[in-house]
**Q** 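Handing you a structure now.
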Number of protein chains: 2
Amino acid sequence: MSNSKAELPVLESAAAPCCPPLGTAELSEPDAVRMAAAFKALGDPVRLRLFSKVASHEGGEACVCDIQDVGVSQPTVSHHLKKLREAGLLSSERRGTWVYYRVEPSVLAGLTALLDLDRRPAEVR
Amino acid sequence: MSNSKAELPVLESAAAPCCPPLGTAELSEPDAVRMAAAFKALGDPVRLRLFSKVASHEGGEACVCDIQDVGVSQPTVSHHLKKLREAGLLSSERRGTWVYYRVEPSVLAGLTALLDLDRRPAEVR
DNA sequence: CACCTGTATCGATGAACGTCGATGTAATGG
DNA sequence: CCATTACATCGACGTTCATCGATACAGGTG
């Protein structure tokens with residue numbers, strides 16, 4: 001199971017180059033569905049910690065064994081990593097015995113761009 | 001019900017000036033709980049649209065009547081706005097007949113700071 | 001080959017969530 | 001006062017979700 005060669009359009013086509021910043025225009029309903037899916041993936045404490053562990057791991061990647069100490073069982077860790085992959089936030093690659101995860105910057109950049117309030121018209125700030 | 005004068009520490013004390021950027025260090029478990037709660041609040045399409053409508057509304061605020069056309073019932077809109085308030089993302093104030101909502105920038109800034117990958121050490125990028 | 005370790009999938013279970021209609025409350029206007 | 005409009009709360013219902021143990025699969029090692 002590797003999505004470094006694309007795991008298919010990442011579920012319902014992720015959040016990569018999407019949507020003007022929040023202050024500038026209303027989100028369309030389809031855009032809201034896509035972006036909400038990404039936020040939802042970060043909306044669980046265990047997933048957010050796993051994501052953080054991958055992001056801060058040396059070399060920019062981590063194998064499951066490096067990060068699985070988050071207080072839940074191994075199947076649960078695997079389940080959460082799958083969710084993060086499906087959201088387009090992580091990609092994975094098997095190399096020998098281990099599976100390595102790394103952050104996929106594009107979707108993350110879409111989230112940051114969406115949340116950026118400093119690009120709003122001055123009247124709204 | 002106004003939290004412009006603080007709705008109490010916003011549930012379990014929100015995400016305002018919290019946590020180094022994702023690439024720089026692991027999130028602690030308590031920090032992960034707090035930040036995940038904020039992401040979760042944005043993790044529903046209807047809520048994200050409501051949030052977007054408030055954020056992009058002229059004057060930086062909107063009354064419920066301005067934004068409630070999102071395809072769900074009035075109680076559901078009210079429920080979602082409450083969730084966004086509890087997450088510290090919106091504040092509300094009653095003025096006469098109407099209740100006005102506006103974006104609370106601090107928690108949002110915390111999310112943006114957390115997601116900022118451009119402040120990672122070069123080796124990880 | 002058999003065995004061990006690392007990771008993913010399956011199936012079940014209980015808790016959390018989104019949604020609704022009904023009802024309550026607050027402010028305005030006759 | 002009473003009616004009306006704006007919004008919140010309540011209670012119920014069905015769905016989604018996080019979690020687990022059991023099990024399957026994959027790759028290395030002896």
Side-chain angles (χ1 to χ4, degrees), chain A residues 1-4 7-8 11-12 29 32-33 36-51 53-54 57 61-87 90-102, chain B residues 1-4 7-8 11-12 29 32-33 36-51 53-54 57 61-87 90-102:
Chain A
M1 175 143 323
S2 157
N3 84 351
S4 50
E7 183 178 62
L8 303 181
L11 205 50
E12 56 238 53
E29 202 271 348
V33 169
F39 284 123
K40 187 185 217 170
L42 298 175
D44 177 273
V46 173
R47 274 200 297 272
L48 190 55
R49 284 190 81 194
L50 287 170
F51 189 68
K53 278 169 178 271
V54 172
H57 202 266
E61 65 178 14
C63 93
V64 180
C65 57
D66 290 328
I67 59 174
Q68 66 184 342
D69 183 22
V70 288
V72 295
S73 71
Q74 179 269 321
T76 301
V77 168
S78 193
H79 167 74
H80 284 308
L81 289 172
K82 183 179 186 179
K83 288 294 192 78
L84 288 166
R85 256 189 289 124
E86 289 173 342
L90 293 181
S91 57
S92 67
E93 182 189 2
R94 163 156 244 146
R95 290 204 301 274
T97 304
W98 295 280
V99 176
Y100 293 88
Y101 282 79
R102 60 169 56 239
Chain B
M1 175 141 329
S2 157
N3 85 350
S4 50
E7 184 178 62
L8 303 182
L11 205 50
E12 57 238 52
E29 202 271 347
V33 169
F39 284 124
K40 187 185 219 171
L42 297 175
D44 177 273
V46 173
R47 274 200 298 270
L48 190 55
R49 283 190 81 195
L50 288 170
F51 189 69
K53 277 170 177 270
V54 172
H57 202 266
E61 65 178 14
C63 90
V64 180
C65 57
D66 289 327
I67 59 174
Q68 66 183 339
D69 183 23
V70 287
V72 295
S73 71
Q74 178 268 322
T76 301
V77 168
S78 195
H79 168 74
H80 284 309
L81 289 173
K82 183 179 186 179
K83 288 294 191 78
L84 288 167
R85 256 189 289 124
E86 290 174 341
L90 293 181
S91 57
S92 67
E93 181 189 4
R94 164 157 244 147
R95 290 204 300 275
T97 305
W98 295 281
V99 175
Y100 293 89
Y101 282 80
R102 60 169 56 239

**Q** Could you pull out all residues at least two apart from B:K53 that satisfy side-chain hydrogen bond (donor to acceptor under 3.5 Å, both in side chains)?
**A**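 Scan of B:K53 (side-chain hydrogen bond (donor to acceptor under 3.5 Å, both in side chains), adjacent residues dropped) gives A:E26.
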
**Q** Rounding to a whole Å, what distance do you find between A:L50:CG and C:dA8:P?
**A**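 That distance rounds to 11 Å.
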
**Q** Within the distance-only criterion (no hydrogens, no angle test), does the side chain of B:R94 pair as donor or acceptor with the backbone N or O of B:G96 below 3.5 angstrom?
**A**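 Pair found, side chain donor or acceptor close to backbone of B:G96.
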
**Q** I need a per-nucleotide contact map over nucleotides 18-24 of chain D, read 5' to 3'. Cutoff is protein heavy atoms under 4.0 Å; write B for the base, S for backbone only, - otherwise.
**A** SBBBB--

**Q** Take the protein atom CZ of B:R49 and the nucleotide atom P of C:dT19, then report the distance between them rounded to whole Å.
**A**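 B:R49 atom CZ is separated from C:dT19 atom P by 12 Å.
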
**Q** Round to a whole Å and report the spacing from CG of B:L81 to P of C:dG18.
**A**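 It works out to 13 Å between those atoms.
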
**Q** Report yes if a side-chain nitrogen or oxygen of B:Y101 is closer than 4.0 Å to either non-bridging phosphate oxygen (OP1 or OP2) of D:dA8; otherwise report no.
**A**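 B:Y101 to D:dA8 OP1/OP2: side-chain N or O found under 4.0 Å.
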
**Q** In chain order, what residues pass the side chain to side chain contact (heavy atoms under 4.5 Å, CB included) check against A:S73, with sequence neighbours excluded?
**A**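 By the side chain to side chain contact (heavy atoms under 4.5 Å, CB included) rule, A:S73 matches A:P75, A:T76.
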
**Q** Atom CG of A:D66 to atom P of C:dT7: distance rounded to whole Å?
**A**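 Nearest whole value for this atom pair: 8 Å.
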
**Q** When the side chains of residues 37-48 of chain B are checked against the rest of the protein, which donor-acceptor pairs come out under 3.5 Å, sequence neighbours left out?
**A**
residue, atom, partner, partner atom, Å
B:D44, OD1, B:V46, N, 2.9
B:D44, OD1, B:R47, N, 3.1
B:R47, NE, B:A41, O, 2.7
B:R47, NH1, B:H80, ND1, 3.2
B:R47, NH2, B:K40, O, 3.3

**Q** Take atom CZ of B:R94 and atom C1' of C:dA27, then tell me their distance rounded to the nearest Å.
**A**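 Between C1' of C:dA27 and CZ of B:R94: 6 Å.
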
**Q** Here's a test of your reading of the structure: between B:R95 and A:S78, which maps to the more 5' nucleotide of DNA chain C?
**A**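 Checking each residue's closest nucleotide, the 5'-ward one belongs to A:S78.
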
**Q** Can you measure A:K82 atom NZ to D:dC17 atom C1' for me and round it to whole angstrom units?
**A**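 Atom NZ in A:K82 sits about 14 Å away from atom C1' in D:dC17.
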
**Q** SG of A:C63 to NE2 of A:H57: how many Å apart, nearest 0.5 Å?
**A**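 Answer for the SG-NE2 pair, A:C63 versus A:H57, is 7.5 Å.
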
**Q** Between C:dA8 atom C1' and A:E93 atom CD, what is the distance in whole Å?
**A**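 Result: 17 Å.
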
**Q** In whole Å, what is the span from the CG atom of B:L42 to the P atom of C:dG18?
**A**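 Spelled out: CG on B:L42 to P on C:dG18 is 12 Å.
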
**Q** Which pairs with one or both residues in residues 62-72 of chain A pass side chain to side chain donor-acceptor pair (under 3.5 Å), sequence neighbours excluded?
**A**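 Every pair satisfying side chain to side chain donor-acceptor pair (under 3.5 Å) with a residue in residues 62-72 of chain A: there are none.
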
